[in-house]
Amino acid sequence: MNKQITDSIYYIGVNDKTIDLFESQYVVPNGISYNSYLIKDEKNVVMDTIDKRATDEWYKNLQEALNGENIDYLVVSHMEPDHAYNIGMLCSKYPNMKIVGNEKTFTFISQFFDVENLQDRKVVVKEGDTLTIGKHTLQFIMAPMVHWPEVMMTYEKTSKILFSADGFGKFGALDVEEDWDCEARRYYFNIVGKYGAQVQAILNKAKTLDIKTICPLHGPILKENLEHYIEKYNIWSSYTPEDKGVTICYASIYGNTKKAAEELAEMLKQKGVEKVSVFDLSRDDLAEAIEDAFRYNRLVVAASSYNADVFPPMSNFLRALQGKNYQNRKIAVIENGTWAPSAAKKMLEIIETMKNITICNPVITIRSRMNEQNRQDMRILVEELIK
């Protein structure tokens, strides 16, 4: 799938439509792209390799773009195996190729690979260092914990291209037409979401650069309306709600908690709340539930009690939000329990560890199924949510 980005920079990545779970956990119905690039100049530079799943196609793309020339440098932006798997193979085939990375990069290379003469092949760079390869000059920008500690981005000064590692990436193969915001949002919050402060630091560095094109390691090359993508990343990484709306997530065993969640959704819609998304945590994609929990400014969690605790799908959801630094939201809590309701207590224990969360009153307790008192309490809760 090699194609030219400029007269001397080539896309040599691969679409993977055979994968079912990215990182063995995220559903990717439209596949994923593994992006890799080649810069041809007086010195030829490969910008990252790809996942083992598509090695043969990638190597064919690389050979076609090289057209018999050699590789002088491999720049390693990120050591996660979906981008770094072929480092060892490339080192074997090109024994004179130098490897460009930071100190942490080489620590990880030694853990993943046995590279012959690694010490002699290292080009260790730090923040702001440059590498001139002819007409092109590469400037290296450290991006630790976006989302591994060794991550770095590269700015090519001549073409004004930012090679952004996992930043500005999205799920989905490149031959699929789909909304960038939706799958980039799901990708961001589930993979990078914990590291908002680090993303903010990178955005501040990016302000000093004249960027015309962004080349991520997943998803499409971004050339137009870059302000839109940068604005989205600023919103997401600052944990600011993107839209006004309510996400309702429920974990129901026999359906009574589900009915309560659906009644609440209907009450909110009747009160004029246009954006209400509802998730069954036992069945729906957890990554999408997390995406909408971050997208909207209000969240309702409704769960059955279970083993003097909370039904595990809800616990898993809240722990995932906690691990991704969920904050700056209003949350309502509904529990269900037949003899000793415990779900609200356990949910609140997790929620109370999150930053800047407003708990809506009342916290509603259902005894087996909804009754009229529960509905009265729910009407009060709706008013609290729409204030």
Side-chain angles (χ1 to χ4, degrees), residues 9 12-13 23 34-39 41 43-55 58-59 62 70-133 136-157 161-169 191-192 194-195 197-199 201-203 205-206 209 214-218:
I9 300 178
I12 55 172
E23 290 190 353
Y34 309 116
N35 297 345
S36 175
Y37 307 90
L38 172 67
I39 305 173
D41 205 326
K43 302 289 186 180
N44 293 331
V45 180
V46 174
M47 304 295 296
D48 294 287
T49 74
I50 69 161
D51 191 272
K52 65 181 177 180
R53 297 174 58 90
T55 293
W58 168 76
Y59 192 64
L62 172 60
N70 229 324
I71 300 173
D72 298 285
Y73 295 101
L74 168 65
V75 173
V76 180
S77 305
H78 185 17
M79 278 300 301
E80 205 165 5
D82 57 329
H83 308 300
Y85 178 81
N86 288 288
I87 289 175
M89 180 269 281
L90 214 57
C91 287
S92 297
K93 290 184 179 293
Y94 295 90
N96 295 319
M97 180 187 74
K98 300 285 188 181
I99 306 170
V100 182
N102 55 70
E103 288 187 6
K104 183 64 76 172
T105 308
F106 290 105
T107 298
F108 290 172
I109 286 178
S110 297
Q111 292 173 195
F112 278 105
F113 305 101
D114 295 316
V115 176
E116 192 172 344
N117 300 321
L118 179 60
Q119 199 61 37
D120 295 333
R121 304 177 76 158
K122 287 182 181 179
V123 178
V124 182
V125 296
K126 58 185 184 301
E127 181 71 40
D129 283 355
T130 59
L131 175 65
T132 299
I133 57 172
H136 298 83
T137 298
L138 307 180
Q139 178 182 342
F140 302 102
I141 301 158
M142 300 301 115
M145 298 318 300
V146 185
H147 59 122
W148 278 26
E150 87 301 350
V151 173
M152 67 182 193
M153 300 181 181
T154 303
Y155 178 64
E156 200 292 291
K157 292 185 173 184
I161 293 175
L162 179 67
F163 295 92
S164 60
D166 271 345
F168 300 98
I191 293 174
V192 189
K194 179 176 182 177
Y195 304 107
Q198 290 84 352
V199 174
I202 282 295
L203 291 176
K205 292 179 184 180
L209 305 173
I214 297 175
C215 290
L217 288 179
H218 295 295

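Everything numeric here is computed off the predicted structure, so don't read it as measured data.
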Novice: Rounded at 0.5 Å granularity, tell me how far NE2 in His147 sits from OH in Tyr195.
Specialist: 8.5 Å
Novice: Would you mind reporting whether Ile39 and Leu138 have side-chain heavy atoms less than 4.5 Å apart?
Specialist: yes
Novice: Are Ile9 and Met47 side-chain neighbours, meaning at least one heavy-atom pair lies under 4.5 Å?
Specialist: no
Novice: Does atom OH of Tyr85 have more than 12 heavy-atom neighbours from other groups under 6.0 Å away?
Specialist: no
Novice: Donor-acceptor pair, Lys98 side chain versus Asp120 backbone, under 3.5 Å?
Specialist: yes
Novice: Which heavy-atom pair separates Pro216 from Ser164 by the least distance, and what is that distance?
Specialist: CA-OG, 3.3 Å
Novice: Under the side-chain contact (heavy atoms from CB on, under 4.5 Å) criterion, do Met89 and Thr49 qualify, and how do the steps go?
Specialist: CA-CA 10 Å; Met89 180 269 281; Thr49 74; over 6 Å; no
Novice: Could you tell me whether Gln119 atom CD has more than 12 heavy atoms of other residues or ligands within 6.0 Å of it?
Specialist: no
Novice: Taking side chain as C-beta onward, heavy atoms only, is Ile202 less than 4.5 Å from Val199?
Specialist: no
Novice: In Å and rounded to the nearest 0.5 Å, what is the CD to CD distance from Glu80 to Glu150?
Specialist: 8.5 Å
Novice: In Å, rounded to the nearest 0.5 Å, how long is the span from CE of Met79 to CZ of Phe112?
Specialist: 5.5 Å
Novice: In Å, rounded to the nearest 0.5 Å, how long is the span from CZ of Phe163 to OG of Ser77?
Specialist: 8.5 Å
Novice: Identify the two heavy atoms, one from Phe140 and one from Thr130, that lie closest to each other, and give their separation to 0.1 Å.
Specialist: CE1-C, 4.3 Å
Novice: Looking at Thr137 and Glu156, what are the two nearest heavy atoms and their distance?
Specialist: N-OE2, 3.1 Å
Novice: Can you tell if the side chain of Thr154 reaches within under 4.5 Å of the side chain of Val100, non-hydrogen atoms only?
Specialist: no
Novice: Between Arg121 (side chain only) and Val115 (backbone N and O only), is there a donor and an acceptor less than 3.5 Å apart?
Specialist: no
Novice: So do Leu62 and Ile71 actually touch side chain to side chain, heavy atoms under 4.5 Å?
Specialist: yes
Novice: For atom NZ of Lys194, decide whether the heavy atoms of other residues, nucleotides or ligands shown that lie under 6.0 angstrom number more than 12.
Specialist: no
Novice: I want to check something: taking the side chain as every heavy atom from C-beta on, are Lys205 and Met153 in contact at a cut-off of under 4.5 Å?
Specialist: no
Novice: Please report the closest heavy-atom contact between Phe108 and Pro149, naming both atoms and the distance.
Specialist: CZ-CG, 3.8 Å
Novice: Within a reach of under 6.0 Å around CD of Glu116, are more than 12 heavy atoms found that belong to other residues, nucleotides or ligands?
Specialist: no
Novice: Just so I know, are the side chains of Met97 and Val46 near enough to count as touching, which here means a heavy-atom distance under 4.5 Å?
Specialist: no
Novice: Between Val45 and His136, does the side-chain contact (heavy atoms from CB on, under 4.5 Å) criterion hold? Intermediate values first, please.
Specialist: CA-CA 10 Å; Val45 180; His136 298 83; over 6 Å; no
Novice: So which heavy atom on Leu217 is nearest to which on His83, and how close?
Specialist: CB-CE1, 3.3 Å
Novice: For Glu103, does the CD atom sit with more than 12 other heavy atoms under 6.0 Å from it, leaving out its own atoms?
Specialist: no
Novice: Can you tell me how far CD1 of Ile133 sits from OH of Tyr73, rounded to the nearest 0.5 angstrom?
Specialist: 8.5 Å
Novice: Could you state the interatomic distance from CG (Asp114) to OG (Ser92), rounded to the nearest 0.5 Å?
Specialist: 10.0 Å
Novice: Any chance you could lay out the side-chain contact (heavy atoms from CB on, under 4.5 Å) test for His218 and Tyr34, step after step, and finish with the verdict?
Specialist: CA-CA 6 Å; His218 295 295; Tyr34 309 116; 3.9 Å; yes
Novice: Indicate yes or no for a side-chain donor-acceptor contact from Glu127 to the backbone of Met142 under 3.5 Å, with no hydrogens or angles considered.
Specialist: yes
Novice: Test Ile99 against every option in Val75, Leu118, Val123, Val124 by the side chain to side chain contact (heavy atoms under 4.5 Å, CB included) rule and name the one that passes.
Specialist: Leu118
Novice: So which atom in Phe113 and which in Ala84 form the shortest heavy-atom distance, rounded to 0.1 Å?
Specialist: CZ-O, 3.1 Å
Novice: With a 4.5 Å cut-off on side-chain heavy atoms, are Asp166 and Val146 touching?
Specialist: no
Novice: Looking only at atom types and distance, does a side-chain atom of Asn44 sit under 3.5 Å from a main-chain N or O of Asn70, one as donor and one as acceptor?
Specialist: yes
Novice: Does one side chain, of His78 or Asp48, offer a donor that lies under 3.5 Å from an acceptor on the other?
Specialist: no
